[in-house]
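In what follows, chains carry the letters A, B, and so on, assigned in the order in which the sequence lines appear, proteins first and then strands, with residues in each chain numbered from 1. Basis for what follows: all heavy atoms, side chains included, without hydrogens, waters or symmetry-related copies.
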Amino acid sequence: GAGVSQSPSNKVTEKGKDVELRCDPISGHTALYWYRQSLGQGLEFLIYFQGNSAPDKSGLPSDRFSAERTGGSVSTLTIQRTQQEDSAVYLCASSLFSGTHTDTQYFGPGTRLTVL
Amino acid sequence: QKEVEQNSGPLSVPEGAIASLNCTYSDRGSQSFFWYRQYSGKSPELIMFIYSNGDKEDGRFTAQLNKASQYVSLLIRDSQPSDSATYLCAVNIGNTGGFKTIFGAGTRLFVKA
């Protein structure tokens, strides 16, 4: 596709339910990133994929959060037993991963998650 | 000390003025620096990047990098109300084994008509 796409654009769920967020990166981009942004706050790094592997999971807030990527393309971020503090916009970005410091990330439109 | 620091603002400038946005970083190994613009309710979009010391100009935007002072800035000339947004500074750190991008918290800019 022309850009990074994410679905759903909005998700309202009840506390305790599981949710899955999807990211489809730019075609040919091997690196994929998940961030969380709470209202009025900066970007909080969650996890990064190079291909299908995740060399950096340091940002995942708890074991309720997991992510996977298959076929070096689509990624899903799963939040189990959602809590109200999980409410935020979840942003996905992708990059070519040229292996140099010039790597530039391009962002999707985000998924706004609201946990009631 | 945060790895990438920005003044949260808001920074308010009149239309037509120069807006100056500043960013400092802590890792001397940082090699590349990016400015993103984020409108309210939207995702960040890349404005420009800079790798070498000095100035880099792109239209009304100029990025300035001083690695010795660990400082990067973004100047917006002839500011327009449509420039009102949050500006995020991002820094790539690492080596050929892998790079990590660290984002600042952003500076909110208001351009008054």
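Note on A/Val4, A/Val89, A/Leu39, A/Leu43: by heavy-atom pairs under 4.5 Å with chain B, the leading option is A/Leu43. Chosen from B/Gly106, B/Ser8, B/Pro44, B/Gly41, the residue pairing most often with chain A at heavy-atom distances under 4.5 Å is B/Pro44.
The part of A/Gln37 that comes within reach of chain B is its side chain, from C-beta onward, which places non-hydrogen atoms under 4.5 angstrom from that chain. In this structure, chain B has no heavy atom under 4.5 Å from any part of A/Ser9. The part of B/Tyr36 that comes within reach of chain A is its side chain, from C-beta onward, which places non-hydrogen atoms under 4.5 angstrom from that chain. With a threshold of 4.5 angstrom between heavy atoms, B/Gln38 approaches chain A through side-chain atoms but not through N, CA, C or O.
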Where do B/Ser26 and B/Gln70 land on the side-chain hydrogen bond (donor to acceptor under 3.5 Å, both in side chains) test, with the steps shown first?
-> CA-CA 7 Å; B/Ser26 60; B/Gln70 295 174 247; 5.9 Å; no
Which is it for A/Tyr35 and A/Phe107 under the ring pair (Phe, Tyr, Trp, His ring centres under 6.0 Å) test, yes or no, and what are the steps along the way?
-> CA-CA 10 Å; A/Tyr35 296 89; A/Phe107 284 83; 5.7 Å; yes
Kindly indicate, with the supporting measurements, whether the criterion salt bridge (Lys or Arg N to Asp or Glu O under 4.0 Å) is fulfilled by A/Arg64 and A/Asp18.
-> CA-CA 9 Å; A/Arg64 295 186 296 104; A/Asp18 298 351; over 6 Å; no
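Once rounded to the nearest 0.5 Å, the distance linking OH of A/Tyr33 with SG of A/Cys23 reads 12.0 Å.
Contact check for B/Ser20 versus B/Ile76: no side-chain heavy atoms found under the 4.5 Å cut-off.
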